[in-house]
Amino acid sequence: MANAAEHSGANGHAGVIGGGGGRLGAARLMLWALAGLLAVRQAAVVLRVPPGEWLSDFHLPGTPGSLPGSLYENGQFTGTPFAGLVLKPLLGLAAPSLEVAWTCVTLLFVAAVGLVAARGLPDPVPRRTALLAAPVLVALMMVSLPVREAASPGQTAVLPVLLVLLAVFRVPAERPSGFLIGLAAALQPALLLFAPLLWLTGRRPTARAAAATFAGATALSWAALPRDSWTYWVQHLAGTGLGGAPDSLANQSVHGALLRLGLSGPGEILLYLALAAAIAWIGLRRAARYARDGQLLLAVAVTGCVAVAVSPAGWRHQLLWVLLAVAGKVGKRAADRPVWPVAVVLAMTLPSSVLLPNLVALAPVRDNVLLLAALAAACAVPFLPRSSPYWREPVATAYGRPAPARWARVPLLPFWRRVLSRPNLLLELLLIRVGYSLYSHIRAAAPTSRTLAEGNGSQILGIEKALGIDIEHAVNHAVVNTPWLEAFFNFYYTSFHFVVPLTILAVLYWRRPKDYRWARASLGLATVLALIGFWLYPLAPPRLMPGLGFIDTVHGAQDLANPSYGAMTAISNQYAAMPSLHFGWSLWCGVVIVMLAPKGWQKLLGALHPAITVCAIVATANHWVLDAVGGAVVVGAGFGLVYVLSGPRGAAVSAGVAVPRPRQRQPERVGAGSTSGSTSGSGSGSGWGDRTRLRRTSTTTSSSAAAPPAR
C-alpha cells in the first residue's frame with residue numbers, strides 16, 4: 001500500500017510544479033472559511049432536531065421509539081450487525097451529548113476525507129491544485145447529497161470511505177492497511193471488492209489481511225448477535241429491504257433501479273446478478289489499470305462506485321465515491337476538461353428535478369441520476385492515462401485578441417476573454433438546464449404579497465396616466481371584440497416565449513460559435529437582473545387588478561378573491577411582472593437577429609418579433625406598458641455588461657485567432673511517464689507501493705527543471 005512518506009514530500013505533493021503567491025494563499029484561506037461555514041450550517045440543520053427524536057433515529061434497541069431485542073425488529077436499522085455492535089455502547093450517552101458528538105465527529109470525518117484525498121492526487125500536481133484541492137473538495141462534500149444524508153443519526157457511510165483512503169495513502173505497512181479496509185468492509189460489505197483490486201495490483205498480503213479482518217469482524221458479530229446476523233445475512237441477503245423498500249429512490253443500486261423499472265421475481269434477480277458481475281468485472285479491471293498508472297485516488301473512487309452500484313442496497317449516503325472520481329481527467333481539449341467534474345458536482349449537489357425536466361419519458365433517468373453517475377465513473381468515462389500526451393497538454397483554447405472600446409468614455413474590464421471555438425455541448429446543456437431551474441425557483445420564491453403587488457400595480461397605472469400611455473384597457477377590450485385577433489395574440493403569447501430564444505441559441509451554436517457565447521452571456525445577465533426586479537418590486541398584472549375591468553384572454557375569467565389559473569399557480573409567481581421577460585427575451589431575439597442575420601427579410605422578421613410580443617402582452621392583459629420598458633432596460637443592461645466585461649462583439653471575428661504558443665514537451669521521465677505507459681495495459685505489474693516509489697524518484701530528480709511557460 002502506498003506510503004504517505006513516499007507519496008508526498010514534507011510540505012505537500014512530491015511533484016508540485018509551478019510557483020505560488022499571496023493570491024493563492026488568500027484564496028485558500030477563503031475556501032477553508034467557506035468550508036467551515038458550510039460545516040457549521042450542516043451541523044445547525046442536524047442539531048435543530050429535538051434530542052428525543054434525534055436519538056430515536058438510531059433505531060437501536062433501548063432508544064425511544066425502538067423495539068427491545070433485535071437490531072432489525074423495526075426494520076429501520078440498515079447497518080451490519082458489526083455496526084450495531086459498535087454503535088450499541090453509544091446508547092449510554094445522554095441524548096444532547098450524543099447528538100453533538102455524532103454530528104461533530106461526522107463532519108470531522110468529512111474534512112479528513114477531503115485532506116487525505118487531496119494528498120492522493122497523481123503527481124506532478126500544479127501548485128494551485130495542491131493548495132486549493134483540499135478546501136474545494138471539503139466544501140463540495142459539505143453540500144453534497146451523500147454528506148447531507150450521512151450526517152443524520154446512525155449513518156456511518158463516511159467512516160468506511162475514510163478508512164479506505166487512510167489505508168491507501170497514509171498507512172505504510174501491508175497488514176495494517178488491510179486491517180483498515182477489512183473494517184470498512186465489515187461496516188459496508190460491498191467494500192470487500194477492494195480485496196480483488198489489491199490482488200490485481202500485486203498487494204496480495206494486504207488483500208489477505210482485508211479478507212481476514214472482514215471475516216473476523218463478521219464472525220465476532222455472529223458470536224455476539226447470532227439472531228441479528230441471521231436476519232441480516234440470510235433473511236435479508238446482506239441487508240436488502242432494511243431501512244425502506246428496495247425500490248425506493250434512496251436505493252441507488254442496480255437492484256433498486258431494476259425494481260423501479262417494474263421488474264421483479266427470479267427474472268429480476270438473475271438480470272441483477274448478471275449486470276452486477278459485468279459491472280464488477282469492467283470496473284475492477286479499469287481500477288487496476290488506473291492504480292498501475294499511478295492514479296490511485298481514481299482507482300479507489302472507481303472501486304467504490306462499483307461497490308455501491310452492485311450492492312443489493314446502495315443508499316445515497318454511500319455514494320461519496322462519485323465525488324472523488326473528479327480526480328480523473330477526461331478529454332483532449334482544454335474546453336472539454338470541465339465537463340466531467342461539472343456533471344459530477346451537479347449530480348451530487350442538486351436534486352434530480354433540477355437537472356432534468358419533469359417528463360414521464362425522463363423518469364428512469366431522473367430517478368437514477370446518482371446511480372448513472374456511479375456507473376459512468378466505474379465503466380464508461382474514458383479517463384486519460386498519465387502517459388497520454390494530453391494529460392498535461394490538452395489542445396489549447398483559441399481566443400480573440402483584445403480590442404479597445406468603440407466609445408472612448410466606456411471603460412472596459414476584461415473579466416473574460418473572447419473564446420472563438422464552439423463550447424462543449426453537454427456542458428452547455430447542463431448549465432442551461434440548471435440555470436433555468438434556478439431561475440424558476442428564485443422567481444417562484446420572490447415575494448407574492450397580494451396587497452403589495454396590487455399597490456404597485458396602482459402605482460404603475462398612475463405613472464402611465466401621467467405619461468399618457470395607459471392604453472392597456474382600450475387595447476384589451478378592442479382585441480376581445482375581435483375574435484381572430486384575440487386568438488392570434490393568445491397563440492403568440494403562449495407559443496413563442498421559449499421556442500424562439502432556444503432556436504436562436506441552437507442556430508448560433510451550430511453556425512456562429514463565436515457569437516453564441518456573446519448572445520448567451522447577454523441573455524443570462526439580463527435574466528439575472530430581471531430576477532432582482534421580481535424580488536424587489538412584486539407587481540400585479542392588469543388581469544389581476546380588481547375593479548379595473550380587464551379580461552384575461554389567455555387564462556380565462558379570474559376570481560380576484562383567490563386569483564389563480566389552474567396548475568400554473570403552483571409553478572409560477574403571478575406577481576413577477578416587472579420587468580417583462582416576455583418582452584425582454586423577444587427584444588433580445590430581435591437584437592441578435594438584426595445584428596447577425598445575413599438577409600434583409602430575416603432582419604425584418606427579427607424586428608417584428610418584439611413588436612408583436614409587446615402588443616400580445618398588453619392585449620392579453622398580462623403586462624403593463626411599463627413592464628415592457630423594464631424588460632428593455634434589463635436586456636440593454638445585459639448587452640452593456642457583456643460589452644464592458646469582454647469587449648466589443650466584433651473583436652472576436654475581426655481580430656482573428658490568437659493561438660497560444662504550445663509548450664515544449666519535456667523529456668520522458670523515468671517512472672511516472674514512460675513506466676506507467678508501458679505497464680498500464682499489463683495484467684500484473686508492480687504493486688502500488690513500488691509504483692509510488694518510482695514516481696517519487698522521478699519527481700525528485702526532475703524537481704530542478706524549469707516550469708513550462710504559462711499560456
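Counting from 1, the numbers follow the sequence of the chain as shown.
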Is the closest side-chain heavy-atom distance between [X] and [Y] below 4.5 Å?
{"X": "R443", "Y": "W535", "value": "no"}
{"X": "P312", "Y": "H236", "value": "no"}
{"X": "V310", "Y": "L193", "value": "yes"}
{"X": "V254", "Y": "L371", "value": "yes"}
{"X": "L296", "Y": "F169", "value": "yes"}
{"X": "H317", "Y": "V158", "value": "no"}
{"X": "P357", "Y": "R433", "value": "yes"}
{"X": "L187", "Y": "L183", "value": "no"}

Hey, what do you get for [atom1] ([X]) to [atom2] ([Y]), rounding to the nearest 0.5 Å?
{"X": "S177", "Y": "L166", "atom1": "OG", "atom2": "CG", "value": "11.0 Å"}
{"X": "I279", "Y": "C305", "atom1": "CD1", "atom2": "SG", "value": "11.5 Å"}
{"X": "L324", "Y": "T303", "atom1": "CG", "atom2": "OG1", "value": "11.5 Å"}
{"X": "M142", "Y": "L34", "atom1": "CE", "atom2": "CG", "value": "10.5 Å"}
{"X": "F214", "Y": "F194", "atom1": "CZ", "atom2": "CZ", "value": "14.5 Å"}
{"X": "L323", "Y": "T349", "atom1": "CG", "atom2": "OG1", "value": "8.5 Å"}

Holding to side chain to side chain contact (heavy atoms under 4.5 Å, CB included), I want the full list of residues that pass it with L413, two or more places apart in sequence or in another chain. V644, L645

Can you sort out the partners of A112 under side chain to side chain contact (heavy atoms under 4.5 Å, CB included), two or more places apart, ordered by chain and number?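 Here the qualifying residues are L162.
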
Is a side-chain N or O of [X] found less than 3.5 angstrom from the main chain of [Y], in a donor-acceptor match?
{"X": "N251", "Y": "G314", "value": "yes"}
{"X": "D123", "Y": "V125", "value": "no"}
{"X": "D247", "Y": "G256", "value": "no"}
{"X": "W315", "Y": "E149", "value": "no"}
{"X": "T201", "Y": "L197", "value": "yes"}
{"X": "K329", "Y": "L384", "value": "no"}
{"X": "T80", "Y": "A186", "value": "yes"}
{"X": "S437", "Y": "V354", "value": "yes"}
{"X": "R28", "Y": "R23", "value": "no"}
{"X": "R170", "Y": "V116", "value": "no"}

Run the numbers on L350 and V434 for side chain to side chain contact (heavy atoms under 4.5 Å, CB included), then give the verdict. CA-CA 9 Å; L350 297 178; V434 171; 3.7 Å; yes

Residue pairs fulfilling side-chain hydrogen bond (donor to acceptor under 3.5 Å, both in side chains) with at least one residue in residues 364-375, sequence neighbours excluded: R260-N368, N358-R366

Looking only at heavy atoms, what is the nearest atom pair of [X] and [Y], with distance?
{"X": "T397", "Y": "A334", "result": "OG1-CB, 3.8 Å"}
{"X": "R337", "Y": "W391", "result": "NH1-O, 3.6 Å"}
{"X": "L191", "Y": "A307", "result": "CD2-CB, 3.9 Å"}
{"X": "P81", "Y": "L225", "result": "O-CD1, 3.7 Å"}
{"X": "G294", "Y": "P122", "result": "O-CB, 3.7 Å"}
{"X": "N424", "Y": "L427", "result": "OD1-N, 3.1 Å"}

Side chain to side chain contact (heavy atoms under 4.5 Å, CB included) for F534 and Y439? Distances and angles first, verdict last. CA-CA 11 Å; F534 298 155; Y439 157 77; 4.2 Å; yes

Answer yes if the ring centres of W102 and F109 are under 6.0 angstrom apart, and no otherwise.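 Ring centres of F109 and W102 not closer than 6.0 Å.
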
Mutual orientation of the aromatic rings belonging to F383 and W340 [parallel < 30°, tilted 30-60°, perpendicular > 60°]: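 Perpendicular.
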
Going through the distances and angles, do Q252 and L319 end up as a side chain to side chain contact (heavy atoms under 4.5 Å, CB included)? CA-CA 9 Å; Q252 289 291 306; L319 277 162; 3.7 Å; yes

So L370 and V308, side chain to side chain contact (heavy atoms under 4.5 Å, CB included) or not? Walk me through it. CA-CA 10 Å; L370 294 178; V308 179; over 6 Å; no

Where do S144 and R148 land on the side-chain hydrogen bond (donor to acceptor under 3.5 Å, both in side chains) test, with the steps shown first? CA-CA 6 Å; S144 66; R148 297 208 301 263; over 6 Å; no

